[in-house]
Each structure stands twice: as structure tokens, then as C-alpha cells.
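As C-alpha cells, the structure follows; a few thoughts come after it.
In the text below, chain A, chain B and the rest are named by the order of the sequence lines, each starting its count at 1. Just so we're clear, the structure is a prediction, and the values are computed from it rather than from any experiment.
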There are 2 protein chains.
Amino acid sequence: MLRMKRVTIEDVARQAGVSIATVSRVVSGSTHVAPMTTAKVQAAINMLGYKPNPIAKHLAGQRTNTIGLIVDEIVGDFFQPMLRGIEQTSSEHGYDLLIHSTRMRRRSGSYPVAEHNTDGIIVFGNSLPLDELRRLYIKQFPMVLMHQTPPSDVHVPCVTIENKRSAQRMVDYLIEQRGYTEIAFLRGPEGNEDSQWRELGFRESMAAHGLKVDDELIGMGGFEEMQAHHTVTQWVRQGKRPRCIFAADDDSALGVLRALKEAGLRVPQDVAVVGFDDIRIASYLSPALTTVRAPIEQVSRVAVETLIQLLEGETPQMLTLLPTELIIRESCGYSA
Amino acid sequence: MLRMKRVTIEDVARQAGVSIATVSRVVSGSTHVAPMTTAKVQAAINMLGYKPNPIAKHLAGQRTNTIGLIVDEIVGDFFQPMLRGIEQTSSEHGYDLLIHSTRMRRRSGSYPVAEHNTDGIIVFGNSLPLDELRRLYIKQFPMVLMHQTPPSDVHVPCVTIENKRSAQRMVDYLIEQRGYTEIAFLRGPEGNEDSQWRELGFRESMAAHGLKVDDELIGMGGFEEMQAHHTVTQWVRQGKRPRCIFAADDDSALGVLRALKEAGLRVPQDVAVVGFDDIRIASYLSPALTTVRAPIEQVSRVAVETLIQLLEGETPQMLTLLPTELIIRESCGYSA
DNA sequence: GTGAAAGCGCTAACAT
DNA sequence: ATGTTAGCGCTTTCAC
């Protein structure tokens, strides 16, 4: 495809009767330029409709003015608010956004979004393998992690939510306000950090109330409707029937609800169910799902702001934990 | 932030004892290079860990290897499958993805994602004002429209779904299979093209069956729960009670369902409701929502492929209409 | 305050 | 088959 001839800095310089250096100065505002000269240059710029070419700027200036976002997979209710926060904040700060999903690809061993085309990146969860993370860290390439803390030898800022404390508060509520003593927990995927913290919060609350955690009632939910459904169906078949099930995320809570319904058990009368995330469906279910609302968009915003601090040479906070909100609805036994 | 000294093409050339041109040839594979030389260069590349700098490549080569996506707002259930399709397809073809939302911004009158940093763009809906669309078109800048046909003077490929035909089929079903004769229609936002085609399909089906469309029963849904709720609530207050309501999208169908419930009307016994899109919630509602499933991810894939054809100088299809699927659930009166 | 000129890292003629 | 070199459009010393 042929590209039309662009208006370059030279055209402007010629038109204004100055050198390209002066035009550059006027455009960037880096050095003082005589008011008259500035006016002439501005006039030429407007007349010609000059737009600086960012690519050339990047080559010369050694920066791209672009932020990269690396995610595992573009999927789930989680994704949209996350991207929204990142895009908006980047844009507000004048950065472009390059996005890349690492799922299913790994062409030639190198990642298409990294130091060569961005000034810094935001890494969601464990979308980047540890060795790549280390490589970038050693190179001192600016990056911020979201929803995943870095390994101890990688000293990079991290923004996430108060997983442990939230789970703890939820379980406190279930025990203290609803009077449940037998609570099952449905884990997220193997190694998922969010899930680990939530489980820890669950266990600490149970312990703090002098309640025993029955290991038979710690199951796999996989942050997935299907897996959770399977686990709970098995429980029911084996005669295990906890009074309450805490699913580590709302998607698995969906599976729990379906499994209970199929087993002829009523929610919340027979079994109470709570989730985590407050996905959109949560409030539309009947009974509506009690859950924890995570400020996903806010996490994104803070992540971008943290990265920009890094880019500007400031020293950002290394760990940011954003607070959540308990959303009490009918599925836990509450009624208005 | 200081950047480490990069390994450049010159370092490789020196190390391999050849010229930079030869290195460039080996890397790009553009011209035949003697096997021995190739081997030497490869060895040097590996040894030094050389990575070509895309920015320099872009400046010199006049292309960015990047596709831009322009959307209005990052919001809704629609967004995630759309982006997913675009990201995957771009990536599969070796393109990076730059994304920009035009909502709420318009810094310095120029758009941050356009001809200066991409080889071509995909424009969703009417996220780009007409004058900008024209400007790019006149410049012959490669672009493809999604879910919106271009104005007649802008000859650009467009990919969308069979809106009219789908609506028609839905209404055919409602009339022929369910026996409804009085059907209301809830429009999308003013000027939204999807909605216009859907309304047309609705009207044609009604006409084809010799049924009158009552203009009092054409209301505003705005592709939004709130607006739809408001409209239907007004209808009920005014004693209008259509036997069936066709909401132009599922979000508005949600508002319809809520309004009817609040008015004490049963779905589908008193009023049947159908939507369009098949958002995730649709199947979880009770009654589950009858709707039209749109192949959103597929539209994205085709849009990217079309753009790439354009970039490669081929002549793509100018209009692609992807078929949909009727999803019949309980809200229209169907029972298994 | 402003101009000249040296890069930034690479591609693509043009030579050889 | 390979080397030489002129850009790509801009930023940034370094002089004047």
C-alpha cells in the first residue's frame, strides 16, 4: 500500500524560514525560542498540517511513549474493567497502549511486546514466565505486576487487592452474622495467587473462631463453573453436605449453585453459597449471590500510575493492596 | 530510566566479519546469502543476543507491523470476545495490536492511533467521526469497519452480522411458532446502525405476515437496562401491554424483564420477551432469555483478515455479513 | 536564540 | 553474493 508523502519537519522549517532544530524546539518546547520565531513556526505548522512522526521521534529520542499490557488470555468478566482502566489511564497520561496475550503463542521464543516497542509494561497475573520476567528485571526494564506478587529476587512494584483480608471478613460474617460453623472452600487453579490468599484468609478466620477446617471440604473449583460443579456433585454423592460453601470466585460459585440445584438442595436454606469478584451475573441470579466486590478497574489505574512513576524516575510504592467491599445478597441466607 | 546499551546490527556485522547489509539480509531472508555467511551471521546473532529494533525498522521500512483498533468505549459483554478475536488474529499474522478508545478524549484534535503508528486500523462502530474517517480514506490509509457500514463516499470494507435477517427470523418465529401478533420493539441508541437494521427486519417480518406495527409500541431501549426499564414502566402505567417485547439487545431486555417483574407481570405468560446478542447472563436468568447469538469473535477475526488483505495489496470483499443463530429459551414462551 | 550536523538502527537501492 | 551508502524524520549537542 502506498503511503502519501508526509509533511515533515523539513517542510515546516523551509516554510517558516528557520532550521529544523528550531521547529523541533517549538514543537517540544524544550528550549526558549524567540516569540516571533515561534509564531512563524506555528503558522507554518498549521498551514501545512504538520504532525510529528512518532516513530522517528522514538528512534531519535530513545523512547516509544507506549505502555505494553501483557495478559494471559482475553477472557472472562474480569477482563473488560481491567482493560478499561489501563487504557484510560495510559491515554490520560499521553501513552499509547500495546496489548498482547501470551496464550497459545510463543513465536521464536521472544515476546512481541517488550523493551523494543514500549517504555514499560504491565504484567497481569502470571502471563509472563519467570525467566522472561527476570530477564527484563535484570535489564532494568520498567514494569509493574498486577494481581501477582513478584518472586523475592525480582524487585518490581505490584498492585493487587486485599485478598486475604477480604476472605477473612467474608468468613467472619458467615460465622458471626449467619451462624455457620461448617464452611467448605473451593480453590482456584493450582498455584493461583489470588486463590491462595483467599484460602489463607478463610483458614485464619476459621481458626480465630475456634472452628476446625475439614480438609475433605477443601475442594477444587478452578475458577471455573465446570470444575466447581463437578466437585460439589461429588461431595453430594459422597454424602458430604457442608452448611455453607465459599467459592474462591464467582464463576465457580455458579457451578456450585447448579450442582446444588441438580441435587435438589435449596440455597440458602439447605446450603449457603458465597463467591468472590462480583461478576455481573451475581446480582441477577436467584438467589442473588453474596460475594466480594473487587475494584478491578481501580487496580488497573493504580498499576498504570505506578508504571508511569517508574518511567519518570520516581520511586513508587512497591506493594499496593486495594480494599474490597462485601456484597451481601440472598445466597448466604441474608434477607432484606 | 536509563536503557542498557542495545546490541545493534553493527555489533553483529563486526562480530561476524560482514557488512550490516548482509546481516539485514540474513535476518529478513530477503536475498540469497551464502550458506557459510548465513551461518556466521547466525552465530554472531546468537552469541550477542541480537534483537532487531522494530522502531528503526519501521522508520527505514515505512511500515510499523502494527494494527490499530479504535473503539468508542471499553464496556459491555460485547467487548471481550471482540478484542479476543482481534488480538489473536493479529498476533497469528505477526502484527502487534495498538488499541485506543475515543471516549472522553480528543487531545489536540488528532488521534493517537492512526497512520503514524499503524499500518492500518480497524474501526468499531462509529468510534471515529466522519471527518477523520474521510481524511484517512482520502489518504488511502488501510482500514476496515466493524459493525458499521461506511458512508457512501467512503469506500472501505465492512464486516458485520446479519442484523436484519436475524431480526426477521426472530420475529417470524415469534409469529409463526408462538402465535404472537402484537409485538413491541425497543430500539437501540439514536443512529445506531445495528438497531436500525434490526428494526427493519422486525418491520418486514410483521409486514410479511400482514401484521400492523403499532408506533406507540416502538420505544427507546438505548441498548441499556435503565432506559429500557423506564420505557416499559411508562408503557405499563399507560395501560399499554404488548403480548411480546423484542428488545434490540440483551441489556435492554434485562431492563424489560425487571420492569415487568416490578409491575407484577409474568414472563412469558403475560408478556413474552426476547433480546439480541446472547450475553452471558441470558442463559442464567429465570426465565432464561430467548435471543440471537451474534458471532462477535468471528466478526473480529474476519475484520483483521480483511485488513491484512488490504495491507498486502489484495482486493478483499467489501461487505461481509456473518450469520447468527436463534437461541430459543423460556422467556418467549417456549418450554422444553 | 538559532543553525549545522551527528546520530538513532535499520532497509533498500546501487555497486561490485 | 556481498559491500557501500543514502536516507527514514526527529532530537540533541555543539558552535555561532
Discussion item. On the nucleotide C/dT2, are OP1 or OP2 found under 4.0 Å from the side-chain N or O atoms that A/Ser19 carries?
Written reply: no
Practice prompt. Take the protein atom CZ of A/Arg14 and the nucleotide atom P of C/dG3, then report the distance between them rounded to whole Å.
Written response: 14 Å
Discussion item. By nearest atom, which of the nucleotides C/dG9, C/dT2, D/dT11 is closest to the A/Lys57 side chain?
Written reply: D/dT11
Fill in: Phosphate OP1/OP2 of C/dT2: any A/Thr22 side-chain N/O under 4.0 Å
no
Worksheet item: Among D/dC10, D/dC8, D/dT2, which nucleotide sits nearest the side chain of A/Ala56?
Response: D/dC10
Discussion item. Under 4.0 Å from OP1 or OP2 of C/dT2: is there any side-chain N or O of A/Thr37 that close?
Written reply: yes
Practice prompt. Quickly work out the A/Ile9 CD1 to D/dG7 P distance and round it to whole Å.
Written response: 18 Å
Worksheet item: What nucleic acid atoms does B/Thr8 come within less than 4.0 Å of, heavy atoms only: base, sugar-phosphate, or nothing?
Response: sugar-phosphate
Worksheet item: To the side chain of B/Ala60, which of D/dG9, D/dT4, C/dG9 is closest?
Response: C/dG9
Item to complete: Kindly say whether the aromatic ring centers of A/Phe124 and A/Phe78 come within a distance under 6.0 Å.
Response: yes
Practice prompt. Just call it for A/Ile55: base, sugar-phosphate, or nothing, with non-hydrogen atoms closer than 4.0 Å on any strand.
Written response: nothing
Discussion item. From CG of A/Asn65 over to C1' of D/dC10, roughly how many Å is that when rounded to an integer?
Written reply: 14 Å
Worksheet item: Under 4.0 angstrom, heavy atoms only, what part of the nucleic acid is B/Val18 near: base, sugar-phosphate, or nothing?
Response: sugar-phosphate
Item to complete: Name the closest nucleotide to the A/Arg25 side chain, picking from D/dT2, C/dG3, D/dC8.
Response: C/dG3
Fill in: Integer-rounded Å distance: D/dC10 P and B/Asn53 CG
17 Å
Worksheet item: Going by distance alone, is a donor N or O of one side chain under 3.5 Å from an acceptor N or O of the other, for B/Thr89 and B/Glu305?
Response: no
Response to the item:
5'-most contact on DNA chain D (nearest-nucleotide basis), A/Leu59 vs B/Ile20, goes to B/Ile20
Worksheet item: Around B/Met318, counting heavy atoms of other residues, nucleotides and ligands shown, do more than 12 lie under 6.0 Å from its CE?
Response: yes
Discussion item. How about CD on A/Glu190, more than 12 heavy atoms from neighbouring residues, nucleotides or ligands closer than 6.0 Å, or not?
Written reply: no
Discussion item. Rounding to an integer number of Å, can you tell me how far A/Lys51 NZ sits from D/dC10 P?
Written reply: 12 Å
Worksheet entry | Most 5' of B/Ala21 and A/Ala21 on DNA chain C, judged by nearest nucleotide | A/Ala21
Worksheet entry | Side chain of B/Thr31 - closest among D/dT2, C/dG9, C/dG3 | D/dT2
Practice prompt. Look up atom CG in B/Leu83 and atom CD1 in A/Ile74, then write down how far apart they are to the nearest 0.5 Å.
Written response: 4.0 Å
